[in-house]
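This report refers to the structure that appears directly beneath it.
Below, chains carry the letters A, B, ... as their sequence lines are ordered, and counting in each starts from 1. None of the values given here were measured: they were computed from a predicted structure. Values below: every heavy atom of this structure, side chains too, minus hydrogens, waters and symmetry copies.
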Protein chains: 2
Amino acid sequence: MPRHQNRGAAGGRRRASHSMESVLTEAVALLDEAGPSALTFRALAQRLGGGVASIYWYVASKDELLDRATDHVIGGVLAEIEAIEPGDDPIYHLRAMSLTLFDAILVRPWLGNYFMRNTDVQGNALRLYEKLGQPTLRLKLTARQRFHAVSAITTVVVGSAVDLGQEPPQEVLDGALGRDEFLGRFAATWRELDADDFPFVHEIVDEFDGHDDIEQFRAALDLTLAGLRLQAGA
Amino acid sequence: MPRHQNRGAAGGRRRASHSMESVLTEAVALLDEAGPSALTFRALAQRLGGGVASIYWYVASKDELLDRATDHVIGGVLAEIEAIEPGDDPIYHLRAMSLTLFDAILVRPWLGNYFMRNTDVQGNALRLYEKLGQPTLRLKLTARQRFHAVSAITTVVVGSAVDLGQEPPQEVLDGALGRDEFLGRFAATWRELDADDFPFVHEIVDEFDGHDDIEQFRAALDLTLAGLRLQAGA
DNA sequence: ATCTCTATCGAACGCTGTTCTATCGTACCT
DNA sequence: AGGTACGATAGAACAGCGTTCGATAGAGAT
(Lines give C-alpha, C1' and ligand atoms only; values in the text may rest on other atoms or scores of the structure.)
Protein backbone atom coordinates (compact mmCIF):
# COMPACT_ATOMS: atom_id res chain seq x y z
CA MET A 1 0.00 0.00 0.00
CA PRO A 2 1.97 3.00 -1.20
CA ARG A 3 1.27 6.30 0.51
CA HIS A 4 2.71 9.65 -0.62
CA GLN A 5 6.33 10.62 -0.14
CA ASN A 6 7.61 11.46 -3.57
CA ARG A 7 10.25 13.41 -5.49
CA GLY A 8 10.57 11.87 -8.91
CA ALA A 9 13.46 13.34 -10.89
CA ALA A 10 14.14 13.34 -14.63
CA GLY A 11 12.52 10.48 -16.55
CA GLY A 12 14.19 7.82 -18.65
CA ARG A 13 13.51 7.20 -22.32
CA ARG A 14 9.93 6.07 -22.57
CA ARG A 15 8.81 5.76 -18.98
CA ALA A 16 7.01 8.77 -17.58
CA SER A 17 8.03 10.36 -14.32
CA HIS A 18 5.46 12.18 -12.28
CA SER A 19 5.25 13.89 -8.93
CA MET A 20 2.43 14.73 -6.60
CA GLU A 21 2.69 18.30 -7.81
CA SER A 22 2.37 17.48 -11.49
CA VAL A 23 -0.51 15.08 -10.87
CA LEU A 24 -2.51 17.72 -9.01
CA THR A 25 -1.63 20.49 -11.43
CA GLU A 26 -2.76 18.49 -14.44
CA ALA A 27 -5.87 17.32 -12.62
CA VAL A 28 -6.84 20.91 -11.90
CA ALA A 29 -6.06 21.91 -15.48
CA LEU A 30 -8.36 19.18 -16.73
CA LEU A 31 -11.13 20.31 -14.40
CA ASP A 32 -10.71 23.92 -15.45
CA GLU A 33 -10.65 23.25 -19.14
CA ALA A 34 -13.53 20.87 -19.54
CA GLY A 35 -15.37 20.48 -16.25
CA PRO A 36 -15.60 17.71 -13.67
CA SER A 37 -16.76 15.10 -16.13
CA ALA A 38 -13.48 15.47 -18.01
CA LEU A 39 -11.37 14.41 -15.06
CA THR A 40 -10.94 10.68 -15.57
CA PHE A 41 -7.94 8.58 -14.69
CA ARG A 42 -7.43 7.77 -18.35
CA ALA A 43 -7.54 11.39 -19.48
CA LEU A 44 -5.24 12.38 -16.65
CA ALA A 45 -2.79 9.58 -17.43
CA GLN A 46 -2.66 10.57 -21.09
CA ARG A 47 -1.95 14.15 -20.09
CA LEU A 48 0.83 13.03 -17.83
CA GLY A 49 2.16 10.80 -20.59
CA GLY A 50 1.94 7.68 -18.47
CA GLY A 51 -0.25 4.79 -17.55
CA VAL A 52 -3.49 4.81 -15.65
CA ALA A 53 -2.33 2.73 -12.74
CA SER A 54 0.60 5.01 -11.99
CA ILE A 55 -1.70 7.66 -10.60
CA TYR A 56 -2.69 5.24 -7.88
CA TRP A 57 0.78 5.45 -6.45
CA TYR A 58 0.13 9.06 -5.53
CA VAL A 59 -3.52 8.80 -4.66
CA ALA A 60 -5.64 5.99 -3.29
CA SER A 61 -8.91 6.86 -4.99
CA LYS A 62 -10.66 9.45 -7.06
CA ASP A 63 -12.11 10.98 -3.93
CA GLU A 64 -8.65 11.50 -2.55
CA LEU A 65 -7.51 12.93 -5.85
CA LEU A 66 -10.32 15.47 -5.72
CA ASP A 67 -9.65 16.21 -2.05
CA ARG A 68 -6.00 16.89 -2.77
CA ALA A 69 -6.72 18.84 -5.96
CA THR A 70 -9.18 20.94 -4.01
CA ASP A 71 -6.70 21.67 -1.27
CA HIS A 72 -4.11 22.44 -3.92
CA VAL A 73 -6.09 25.33 -5.32
CA ILE A 74 -7.39 26.35 -1.91
CA GLY A 75 -3.74 27.00 -1.12
CA GLY A 76 -3.80 29.82 -3.65
CA VAL A 77 -7.05 31.17 -2.31
CA LEU A 78 -5.59 31.09 1.18
CA ALA A 79 -2.71 33.26 0.03
CA GLU A 80 -5.15 35.77 -1.43
CA ILE A 81 -7.12 35.79 1.77
CA GLU A 82 -4.09 36.24 3.98
CA ALA A 83 -3.13 39.26 1.93
CA ILE A 84 -6.32 41.07 2.93
CA GLU A 85 -5.87 43.86 5.45
CA PRO A 86 -7.81 43.09 8.67
CA GLY A 87 -8.86 46.69 9.15
CA ASP A 88 -10.88 48.01 12.06
CA ASP A 89 -14.15 46.19 11.56
CA PRO A 90 -13.96 42.42 12.12
CA ILE A 91 -17.22 41.84 10.28
CA TYR A 92 -16.06 43.80 7.30
CA HIS A 93 -12.88 41.73 7.28
CA LEU A 94 -14.98 38.58 7.34
CA ARG A 95 -16.98 39.94 4.47
CA ALA A 96 -13.93 40.65 2.36
CA MET A 97 -12.56 37.16 2.91
CA SER A 98 -15.92 35.59 2.09
CA LEU A 99 -16.12 37.44 -1.19
CA THR A 100 -12.68 36.23 -2.16
CA LEU A 101 -13.58 32.64 -1.35
CA PHE A 102 -16.84 32.96 -3.22
CA ASP A 103 -15.12 34.21 -6.35
CA ALA A 104 -12.75 31.26 -6.27
CA ILE A 105 -15.52 28.71 -5.95
CA LEU A 106 -17.70 30.39 -8.54
CA VAL A 107 -14.98 29.91 -11.13
CA ARG A 108 -14.44 26.32 -10.03
CA PRO A 109 -17.79 25.01 -8.81
CA TRP A 110 -16.36 21.54 -8.15
CA LEU A 111 -14.43 23.09 -5.28
CA GLY A 112 -17.66 23.48 -3.37
CA ASN A 113 -18.38 19.78 -3.42
CA TYR A 114 -15.06 18.89 -1.83
CA PHE A 115 -14.03 21.91 0.21
CA MET A 116 -13.48 20.98 3.86
CA ARG A 117 -14.69 17.44 3.33
CA ASN A 118 -11.67 15.96 5.01
CA THR A 119 -9.44 18.29 6.97
CA ASP A 120 -6.87 15.52 7.43
CA VAL A 121 -6.01 15.74 3.77
CA GLN A 122 -7.00 19.37 3.31
CA GLY A 123 -4.56 21.33 5.43
CA ASN A 124 -5.10 24.57 3.53
CA ALA A 125 -8.84 24.34 3.97
CA LEU A 126 -8.34 24.05 7.70
CA ARG A 127 -6.06 27.09 7.70
CA LEU A 128 -8.65 28.98 5.68
CA TYR A 129 -11.32 28.02 8.19
CA GLU A 130 -9.07 29.35 10.91
CA LYS A 131 -8.59 32.60 9.01
CA LEU A 132 -12.33 33.01 8.58
CA GLY A 133 -12.82 32.45 12.28
CA GLN A 134 -10.22 34.80 13.63
CA PRO A 135 -12.23 38.00 13.18
CA THR A 136 -14.98 36.54 15.34
CA LEU A 137 -12.52 36.44 18.23
CA ARG A 138 -12.69 40.21 18.25
CA LEU A 139 -16.47 40.15 18.62
CA LYS A 140 -18.38 39.84 21.86
CA LEU A 141 -19.69 36.33 21.37
CA THR A 142 -19.71 33.00 23.11
CA ALA A 143 -17.56 30.23 21.71
CA ARG A 144 -20.67 28.51 20.44
CA GLN A 145 -21.87 31.64 18.72
CA ARG A 146 -18.50 32.00 17.03
CA PHE A 147 -18.63 28.41 15.85
CA HIS A 148 -22.13 28.82 14.51
CA ALA A 149 -21.33 32.12 12.86
CA VAL A 150 -18.40 30.78 10.87
CA SER A 151 -20.34 27.66 9.95
CA ALA A 152 -23.20 29.83 8.74
CA ILE A 153 -20.92 31.93 6.61
CA THR A 154 -19.12 29.01 5.01
CA THR A 155 -22.51 27.46 4.27
CA VAL A 156 -23.69 30.62 2.56
CA VAL A 157 -20.49 30.99 0.57
CA VAL A 158 -20.18 27.38 -0.51
CA GLY A 159 -23.90 26.85 -0.94
CA SER A 160 -24.32 29.93 -3.11
CA ALA A 161 -21.30 29.21 -5.23
CA VAL A 162 -22.24 25.58 -5.84
CA ASP A 163 -25.81 26.50 -6.60
CA LEU A 164 -24.93 29.28 -8.99
CA GLY A 165 -22.08 27.45 -10.64
CA GLN A 166 -23.68 24.09 -11.25
CA GLU A 167 -23.16 22.83 -14.75
CA PRO A 168 -25.58 24.55 -17.10
CA PRO A 169 -27.54 22.33 -19.48
CA GLN A 170 -25.05 21.93 -22.28
CA GLU A 171 -26.74 24.41 -24.60
CA VAL A 172 -25.32 27.19 -22.47
CA LEU A 173 -21.93 25.52 -22.31
CA ASP A 174 -21.84 25.27 -26.07
CA GLY A 175 -22.57 28.95 -26.29
CA ALA A 176 -25.59 28.17 -28.45
CA LEU A 177 -27.76 29.68 -25.74
CA GLY A 178 -26.71 32.67 -23.66
CA ARG A 179 -27.23 32.79 -19.93
CA ASP A 180 -29.74 35.60 -20.27
CA GLU A 181 -31.83 33.67 -22.76
CA PHE A 182 -31.61 30.68 -20.45
CA LEU A 183 -32.98 32.69 -17.53
CA GLY A 184 -35.46 34.35 -19.82
CA ARG A 185 -36.99 31.04 -20.85
CA PHE A 186 -37.71 30.19 -17.24
CA ALA A 187 -38.98 33.68 -16.61
CA ALA A 188 -41.37 33.34 -19.53
CA THR A 189 -42.75 30.09 -18.14
CA TRP A 190 -43.17 31.66 -14.74
CA ARG A 191 -45.01 34.63 -16.13
CA GLU A 192 -47.61 32.34 -17.61
CA LEU A 193 -48.51 30.90 -14.22
CA ASP A 194 -51.81 31.84 -12.64
CA ALA A 195 -51.37 35.17 -10.89
CA ASP A 196 -53.61 34.23 -7.97
CA ASP A 197 -51.81 30.97 -7.25
CA PHE A 198 -48.33 32.39 -7.68
CA PRO A 199 -48.32 35.98 -6.39
CA PHE A 200 -44.75 35.79 -5.14
CA VAL A 201 -43.31 34.33 -8.32
CA HIS A 202 -44.99 37.08 -10.29
CA GLU A 203 -43.64 39.67 -7.89
CA ILE A 204 -40.03 38.61 -8.36
CA VAL A 205 -39.96 37.28 -11.92
CA ASP A 206 -38.59 40.54 -13.27
CA GLU A 207 -35.83 40.45 -10.70
CA PHE A 208 -35.03 36.85 -11.56
CA ASP A 209 -34.89 37.60 -15.27
CA GLY A 210 -31.31 38.52 -16.04
CA HIS A 211 -30.27 38.78 -12.42
CA ASP A 212 -26.64 38.99 -11.32
CA ASP A 213 -25.29 35.98 -9.45
CA ILE A 214 -22.71 37.87 -7.47
CA GLU A 215 -25.21 40.44 -6.31
CA GLN A 216 -27.50 37.66 -5.22
CA PHE A 217 -24.74 36.08 -3.18
CA ARG A 218 -23.73 39.39 -1.66
CA ALA A 219 -27.29 39.96 -0.53
CA ALA A 220 -27.38 36.55 1.17
CA LEU A 221 -24.04 37.12 2.83
CA ASP A 222 -25.02 40.57 4.04
CA LEU A 223 -28.18 39.27 5.64
CA THR A 224 -26.15 36.79 7.65
CA LEU A 225 -23.56 39.40 8.56
CA ALA A 226 -26.26 41.84 9.61
CA GLY A 227 -27.65 39.19 11.92
CA LEU A 228 -24.20 38.55 13.27
CA ARG A 229 -23.54 42.21 13.86
CA LEU A 230 -26.78 42.42 15.77
CA GLN A 231 -25.82 39.39 17.84
CA ALA A 232 -22.44 40.86 18.68
CA GLY A 233 -24.05 44.11 19.71
CA ALA A 234 -21.75 46.08 17.46
CA MET B 1 -39.02 9.29 -28.64
CA PRO B 2 -41.52 8.33 -26.00
CA ARG B 3 -42.47 10.96 -23.44
CA HIS B 4 -44.66 10.30 -20.40
CA GLN B 5 -48.38 9.68 -20.59
CA ASN B 6 -48.90 6.34 -18.95
CA ARG B 7 -51.49 4.19 -17.21
CA GLY B 8 -50.30 0.62 -17.34
CA ALA B 9 -52.88 -1.83 -16.01
CA ALA B 10 -52.48 -5.43 -14.82
CA GLY B 11 -49.48 -7.30 -16.20
CA GLY B 12 -49.53 -10.45 -18.27
CA ARG B 13 -47.71 -13.65 -17.45
CA ARG B 14 -44.03 -12.77 -17.54
CA ARG B 15 -43.94 -9.19 -18.76
CA ALA B 16 -43.83 -6.53 -16.11
CA SER B 17 -46.14 -3.56 -16.14
CA HIS B 18 -44.99 -0.30 -14.60
CA SER B 19 -46.24 3.22 -14.23
CA MET B 20 -44.61 6.55 -13.62
CA GLU B 21 -45.81 6.31 -10.05
CA SER B 22 -44.28 2.92 -9.37
CA VAL B 23 -40.99 3.87 -11.01
CA LEU B 24 -40.61 6.96 -8.84
CA THR B 25 -41.77 5.22 -5.69
CA GLU B 26 -39.29 2.39 -6.10
CA ALA B 27 -36.52 4.81 -7.02
CA VAL B 28 -37.11 6.75 -3.83
CA ALA B 29 -37.27 3.54 -1.81
CA LEU B 30 -33.91 2.50 -3.21
CA LEU B 31 -32.40 5.87 -2.37
CA ASP B 32 -33.80 5.75 1.14
CA GLU B 33 -32.69 2.24 1.89
CA ALA B 34 -29.13 2.29 0.63
CA GLY B 35 -28.19 5.77 -0.46
CA PRO B 36 -27.64 7.43 -3.83
CA SER B 37 -25.04 4.93 -4.99
CA ALA B 38 -27.67 2.19 -4.77
CA LEU B 39 -29.93 3.79 -7.35
CA THR B 40 -28.88 2.19 -10.61
CA PHE B 41 -31.06 1.36 -13.55
CA ARG B 42 -30.27 -2.30 -13.08
CA ALA B 43 -31.19 -2.31 -9.41
CA LEU B 44 -34.32 -0.34 -10.13
CA ALA B 45 -35.33 -2.65 -12.95
CA GLN B 46 -34.87 -5.70 -10.74
CA ARG B 47 -37.03 -4.10 -8.09
CA LEU B 48 -39.72 -3.37 -10.62
CA GLY B 49 -39.46 -6.91 -11.91
CA GLY B 50 -38.70 -5.79 -15.41
CA GLY B 51 -35.91 -4.98 -17.82
CA VAL B 52 -33.47 -2.10 -17.70
CA ALA B 53 -34.51 -0.46 -20.92
CA SER B 54 -38.16 -0.23 -19.87
CA ILE B 55 -37.37 2.55 -17.46
CA TYR B 56 -36.32 4.68 -20.38
CA TRP B 57 -39.84 4.78 -21.58
CA TYR B 58 -40.79 6.81 -18.52
CA VAL B 59 -37.63 8.82 -18.20
CA ALA B 60 -35.07 10.07 -20.67
CA SER B 61 -32.02 9.93 -18.44
CA LYS B 62 -30.85 9.39 -14.90
CA ASP B 63 -30.86 13.12 -14.33
CA GLU B 64 -34.51 13.27 -15.25
CA LEU B 65 -35.22 10.29 -13.03
CA LEU B 66 -33.63 12.09 -10.11
CA ASP B 67 -35.41 15.33 -10.96
CA ARG B 68 -38.75 13.57 -10.99
CA ALA B 69 -38.00 11.49 -7.90
CA THR B 70 -37.01 14.67 -6.11
CA ASP B 71 -40.20 16.43 -7.08
CA HIS B 72 -42.15 13.35 -6.07
CA VAL B 73 -41.01 13.55 -2.46
CA ILE B 74 -41.07 17.35 -2.48
CA GLY B 75 -44.78 16.92 -3.09
CA GLY B 76 -45.08 15.42 0.38
CA VAL B 77 -42.96 18.15 1.90
CA LEU B 78 -45.14 20.74 0.21
CA ALA B 79 -48.20 19.25 1.85
CA GLU B 80 -46.53 19.48 5.25
CA ILE B 81 -45.55 23.05 4.57
CA GLU B 82 -49.00 24.06 3.41
CA ALA B 83 -50.42 22.69 6.65
CA ILE B 84 -48.44 25.21 8.70
CA GLU B 85 -50.47 28.06 10.17
CA PRO B 86 -49.25 31.42 8.80
CA GLY B 87 -49.71 33.19 12.14
CA ASP B 88 -49.08 36.86 12.75
CA ASP B 89 -45.36 37.09 12.10
CA PRO B 90 -44.33 36.52 8.45
CA ILE B 91 -40.73 35.87 9.43
CA TYR B 92 -41.74 33.29 11.98
CA HIS B 93 -43.87 31.63 9.35
CA LEU B 94 -40.88 31.59 7.00
CA ARG B 95 -38.84 30.06 9.78
CA ALA B 96 -41.31 27.28 10.43
CA MET B 97 -41.44 26.36 6.76
CA SER B 98 -37.66 26.41 6.48
CA LEU B 99 -37.30 24.03 9.41
CA THR B 100 -39.74 21.63 7.80
CA LEU B 101 -37.87 21.71 4.51
CA PHE B 102 -34.56 21.27 6.28
CA ASP B 103 -35.76 18.20 8.12
CA ALA B 104 -36.88 16.66 4.86
CA ILE B 105 -33.56 17.24 3.14
CA LEU B 106 -31.53 16.15 6.13
CA VAL B 107 -33.15 12.74 5.97
CA ARG B 108 -32.64 12.58 2.22
CA PRO B 109 -29.48 14.54 1.40
CA TRP B 110 -29.71 13.68 -2.29
CA LEU B 111 -32.74 15.98 -2.41
CA GLY B 112 -30.44 18.94 -1.95
CA ASN B 113 -28.48 18.16 -5.09
CA TYR B 114 -31.56 18.17 -7.29
CA PHE B 115 -34.07 20.42 -5.58
CA MET B 116 -35.14 23.25 -7.88
CA ARG B 117 -32.69 22.27 -10.56
CA ASN B 118 -35.31 22.30 -13.26
CA THR B 119 -38.63 23.88 -12.45
CA ASP B 120 -40.08 22.63 -15.73
CA VAL B 121 -40.01 19.12 -14.40
CA GLN B 122 -40.27 20.02 -10.74
CA GLY B 123 -43.67 21.57 -10.36
CA ASN B 124 -43.88 20.94 -6.65
CA ALA B 125 -40.53 22.59 -6.06
CA LEU B 126 -41.81 25.68 -7.80
CA ARG B 127 -44.95 25.67 -5.65
CA LEU B 128 -42.77 25.29 -2.58
CA TYR B 129 -40.67 28.23 -3.69
CA GLU B 130 -43.84 30.22 -4.04
CA LYS B 131 -44.95 29.22 -0.55
CA LEU B 132 -41.61 30.27 0.91
CA GLY B 133 -41.90 33.60 -0.81
CA GLN B 134 -45.42 34.52 0.15
CA PRO B 135 -44.63 35.69 3.69
CA THR B 136 -42.17 38.21 2.29
CA LEU B 137 -45.09 39.90 0.51
CA ARG B 138 -46.27 40.98 3.94
CA LEU B 139 -42.93 42.63 4.69
CA LYS B 140 -41.90 46.15 3.73
CA LEU B 141 -39.35 45.22 1.07
CA THR B 142 -38.61 45.91 -2.55
CA ALA B 143 -39.21 43.15 -5.07
CA ARG B 144 -35.49 42.67 -5.38
CA GLN B 145 -35.09 42.37 -1.63
CA ARG B 146 -37.81 39.76 -1.54
CA PHE B 147 -36.14 37.81 -4.30
CA HIS B 148 -32.78 37.93 -2.57
CA ALA B 149 -34.27 37.05 0.80
CA VAL B 150 -35.94 33.88 -0.41
CA SER B 151 -32.85 32.90 -2.39
CA ALA B 152 -30.74 33.41 0.72
CA ILE B 153 -33.01 31.25 2.81
CA THR B 154 -33.19 28.39 0.33
CA THR B 155 -29.42 28.52 0.03
CA VAL B 156 -29.02 28.26 3.79
CA VAL B 157 -31.53 25.44 4.07
CA VAL B 158 -30.28 23.40 1.13
CA GLY B 159 -26.63 24.18 1.74
CA SER B 160 -26.78 23.20 5.39
CA ALA B 161 -28.72 20.06 4.76
CA VAL B 162 -26.45 18.88 1.97
CA ASP B 163 -23.36 19.70 3.95
CA LEU B 164 -24.51 18.00 7.11
CA GLY B 165 -26.05 15.03 5.42
CA GLN B 166 -23.27 14.16 3.01
CA GLU B 167 -22.44 10.49 3.01
CA PRO B 168 -20.25 9.65 5.98
CA PRO B 169 -17.09 7.66 5.31
CA GLN B 170 -18.47 4.17 5.32
CA GLU B 171 -17.25 3.31 8.82
CA VAL B 172 -20.05 5.44 10.20
CA LEU B 173 -22.54 3.95 7.77
CA ASP B 174 -21.57 0.48 8.88
CA GLY B 175 -22.21 1.49 12.44
CA ALA B 176 -18.66 0.45 13.31
CA LEU B 177 -17.94 4.05 14.24
CA GLY B 178 -20.48 6.32 15.90
CA ARG B 179 -20.98 9.90 14.79
CA ASP B 180 -19.64 11.20 18.08
CA GLU B 181 -16.45 9.20 17.78
CA PHE B 182 -16.17 10.41 14.21
CA LEU B 183 -16.37 14.05 15.29
CA GLY B 184 -14.13 13.31 18.26
CA ARG B 185 -11.34 12.06 16.03
CA PHE B 186 -11.29 15.33 14.14
CA ALA B 187 -11.53 17.27 17.36
CA ALA B 188 -8.52 15.40 18.73
CA THR B 189 -6.48 16.27 15.65
CA TRP B 190 -7.49 19.88 15.91
CA ARG B 191 -6.56 20.08 19.58
CA GLU B 192 -3.03 19.07 18.71
CA LEU B 193 -2.57 22.04 16.41
CA ASP B 194 -0.33 24.87 17.51
CA ALA B 195 -2.34 27.18 19.75
CA ASP B 196 -0.72 30.34 18.40
CA ASP B 197 -1.33 29.47 14.76
CA PHE B 198 -4.88 28.24 15.33
CA PRO B 199 -6.48 30.35 18.06
CA PHE B 200 -9.94 30.15 16.53
CA VAL B 201 -9.92 26.40 16.01
CA HIS B 202 -8.90 25.97 19.61
CA GLU B 203 -11.63 28.32 20.72
CA ILE B 204 -14.38 26.33 19.03
CA VAL B 205 -13.10 22.77 19.11
CA ASP B 206 -15.16 21.93 22.18
CA GLU B 207 -18.25 23.25 20.46
CA PHE B 208 -17.47 21.24 17.37
CA ASP B 209 -16.94 18.05 19.35
CA GLY B 210 -20.31 16.34 19.57
CA HIS B 211 -22.24 19.31 18.20
CA ASP B 212 -25.84 19.07 17.09
CA ASP B 213 -26.46 19.48 13.37
CA ILE B 214 -29.95 20.84 13.71
CA GLU B 215 -28.89 23.45 16.22
CA GLN B 216 -26.11 24.50 13.88
CA PHE B 217 -28.55 24.93 11.04
CA ARG B 218 -31.03 26.81 13.21
CA ALA B 219 -28.30 29.24 14.21
CA ALA B 220 -27.44 29.89 10.55
CA LEU B 221 -31.06 30.35 9.61
CA ASP B 222 -31.71 32.71 12.52
CA LEU B 223 -28.80 34.92 11.56
CA THR B 224 -30.26 35.33 8.09
CA LEU B 225 -33.75 35.92 9.44
CA ALA B 226 -32.45 38.48 11.94
CA GLY B 227 -30.82 40.31 9.06
CA LEU B 228 -34.04 40.14 7.12
CA ARG B 229 -36.09 41.44 10.03
CA LEU B 230 -33.71 44.34 10.32
CA GLN B 231 -34.02 45.04 6.62
CA ALA B 232 -37.81 45.00 6.79
CA GLY B 233 -37.75 47.35 9.75
CA ALA B 234 -39.98 45.02 11.72
C1' DA C 1 -56.69 -11.12 -40.17
C1' DT C 2 -53.89 -7.36 -40.43
C1' DC C 3 -52.17 -3.10 -38.99
C1' DT C 4 -50.72 0.32 -35.45
C1' DC C 5 -49.29 2.03 -31.46
C1' DT C 6 -47.94 1.47 -26.59
C1' DA C 7 -44.97 -0.81 -23.67
C1' DT C 8 -41.59 -4.10 -22.73
C1' DC C 9 -36.98 -6.38 -22.67
C1' DG C 10 -32.21 -8.87 -23.70
C1' DA C 11 -28.10 -7.88 -25.44
C1' DA C 12 -24.62 -5.02 -26.59
C1' DC C 13 -21.56 -0.55 -26.52
C1' DG C 14 -18.44 2.53 -24.61
C1' DC C 15 -17.11 4.39 -20.63
C1' DT C 16 -15.77 4.52 -15.77
C1' DG C 17 -12.83 3.57 -11.19
C1' DT C 18 -10.08 0.08 -9.56
C1' DT C 19 -6.92 -4.07 -9.07
C1' DC C 20 -3.50 -7.47 -10.60
C1' DT C 21 0.75 -8.58 -12.00
C1' DA C 22 4.94 -7.68 -14.15
C1' DT C 23 8.45 -4.83 -14.78
C1' DC C 24 12.03 -0.90 -15.20
C1' DG C 25 15.57 1.88 -13.07
C1' DT C 26 18.03 3.72 -9.43
C1' DA C 27 20.54 3.54 -4.95
C1' DC C 28 22.64 1.10 -1.79
C1' DC C 29 25.31 -2.84 0.14
C1' DT C 30 28.97 -6.15 -0.06
C1' DA D 1 31.41 -4.87 -10.22
C1' DG D 2 27.44 -7.64 -9.05
C1' DG D 3 23.42 -8.36 -6.48
C1' DT D 4 19.46 -6.85 -4.33
C1' DA D 5 15.83 -4.16 -2.38
C1' DC D 6 12.58 -0.88 -3.30
C1' DG D 7 10.47 3.30 -5.41
C1' DA D 8 7.81 3.97 -9.33
C1' DT D 9 5.72 2.79 -13.68
C1' DA D 10 2.48 0.56 -16.71
C1' DG D 11 -0.62 -2.88 -19.68
C1' DA D 12 -4.36 -5.65 -19.31
C1' DA D 13 -8.22 -7.18 -17.24
C1' DC D 14 -12.63 -6.76 -14.24
C1' DA D 15 -16.96 -5.40 -12.71
C1' DG D 16 -20.15 -2.00 -12.92
C1' DC D 17 -22.31 2.07 -14.82
C1' DG D 18 -25.74 4.87 -18.13
C1' DT D 19 -27.41 4.43 -22.47
C1' DT D 20 -28.89 2.58 -27.17
C1' DC D 21 -30.58 -0.85 -30.49
C1' DG D 22 -33.59 -3.90 -32.39
C1' DA D 23 -36.97 -7.22 -31.66
C1' DT D 24 -41.43 -8.22 -29.95
C1' DA D 25 -45.58 -8.94 -27.05
C1' DG D 26 -50.16 -7.32 -26.29
C1' DA D 27 -54.54 -4.54 -26.96
C1' DG D 28 -57.57 -1.98 -29.80
C1' DA D 29 -59.21 -0.36 -34.37
C1' DT D 30 -60.07 -1.35 -39.12
Side-chain angles (χ1 to χ4, degrees), chain A residues 1-24 26-27 30-31 34-69 110 113-114 167 169-170, chain B residues 1-24 26-27 30-31 34-69 110 113-114 167 169-170:
Chain A
M1 283 289 175
R3 307 269 81 227
H4 31 83
Q5 211 78 350
N6 46 310
R7 283 339 114 204
R13 211 173 76 271
R14 43 193 345 144
R15 287 206 151 210
S17 174
H18 314 322
S19 76
M20 189 82 250
E21 251 285 315
S22 67
V23 168
L24 296 184
E26 292 307 313
L30 223 35
L31 287 163
S37 59
L39 177 57
T40 67
F41 277 82
R42 283 167 179 83
L44 181 54
Q46 188 161 18
R47 233 188 141 94
L48 289 164
V52 214
S54 305
I55 303 168
Y56 280 89
W57 193 86
Y58 295 94
V59 133
S61 68
K62 186 165 188 185
D63 264 346
E64 191 186 313
L65 173 63
L66 278 160
D67 275 332
R68 294 197 120 95
W110 51 276
N113 299 329
Y114 287 89
E167 300 208 54
Q170 201 60 31
Chain B
M1 283 291 171
R3 308 267 81 225
H4 34 83
Q5 212 75 347
N6 47 312
R7 285 335 120 207
R13 208 170 82 271
R14 42 190 352 141
R15 290 205 150 211
S17 174
H18 314 322
S19 75
M20 189 82 253
E21 250 285 316
S22 67
V23 169
L24 296 183
E26 292 306 314
L30 222 36
L31 287 163
S37 59
L39 178 57
T40 67
F41 277 82
R42 286 168 177 83
L44 182 55
Q46 189 161 18
R47 232 187 142 96
L48 289 164
V52 214
S54 304
I55 303 168
Y56 280 88
W57 192 86
Y58 295 94
V59 135
S61 69
K62 188 167 186 183
D63 264 346
E64 190 184 314
L65 174 63
L66 279 159
D67 274 333
R68 295 198 120 94
W110 51 274
N113 300 330
Y114 288 89
E167 298 209 56
Q170 201 59 31

Original post:
CZ of A/Phe41 versus P of C/dT18: gap in Å, rounded?
Top reply: 5 Å
**OP:** Check the distance between D/dG7's P and A/Arg15's CZ and give it to me in whole angstrom.
**Re:**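 The answer, rounded to whole Å, is 15 Å.
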Would you mind classifying the nucleic acid contact of [X] as base, sugar-phosphate or nothing, using non-hydrogen atoms under 4.0 angstrom?
X	value
A/Ser54	base
B/Leu44	nothing
B/Leu65	nothing

Original post:
Given C/dA12, D/dA13, C/dG10, which nucleotide is nearest the side-chain atoms of B/Arg42?
Top reply: C/dA12
Original post:
Of all the nucleotides listed (C/dC13, C/dT18, C/dC9), which has the minimum atom distance to the side chain of A/Lys62?
Top reply: C/dT18
Exercise answer: donor-acceptor pairs, residues 42-54 of chain A side-chain atoms, under 3.5 Å, sequence neighbours excluded:
unit_1  : atom_1 : unit_2  : atom_2 : d
A/Arg47 : NE     : A/Glu26 : OE1    : 2.6
A/Arg47 : NH1    : A/Glu33 : OE1    : 3.3
A/Arg47 : NH2    : A/Glu33 : OE2    : 3.0

Subject >> Nearest non-hydrogen partners of A/Ser37 and A/Ala34, listed with the distance >> reply: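 For A/Ser37 and A/Ala34, the tightest heavy-atom pair comes out as OG-O, 4.2 Å.
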**OP:** Using only side-chain N and O atoms of A/Tyr58, determine if any of them is under 4.0 Å from OP1 or OP2 of D/dT9.
**Re:** yes
**OP:** Report yes if a side-chain nitrogen or oxygen of B/His18 is closer than 4.0 Å to either non-bridging phosphate oxygen (OP1 or OP2) of C/dT6; otherwise report no.
**Re:** no
Is there a side-chain contact between [X] and [Y] in this structure, where contact means two heavy atoms from C-beta onward sitting under 4.5 Å apart?
X	Y	answer
B/Leu31	B/Leu66	yes
B/Asp67	B/Val59	no
A/Tyr58	A/Leu65	no

Original post:
So what is the 5' to 3' dot-bracket string for DNA chain C, if pairs are Watson-Crick or G-U wobble with both distances under 3.5 Å, crossing pairs use [ ] and | means the partner sits on another strand?
Top reply: .|||||||||||||||||||||||||||.|
Original post:
Just how far is it from atom CZ of A/Arg68 to atom OH of A/Tyr114, taken to the nearest 0.5 Å?
Top reply: 14.5 Å
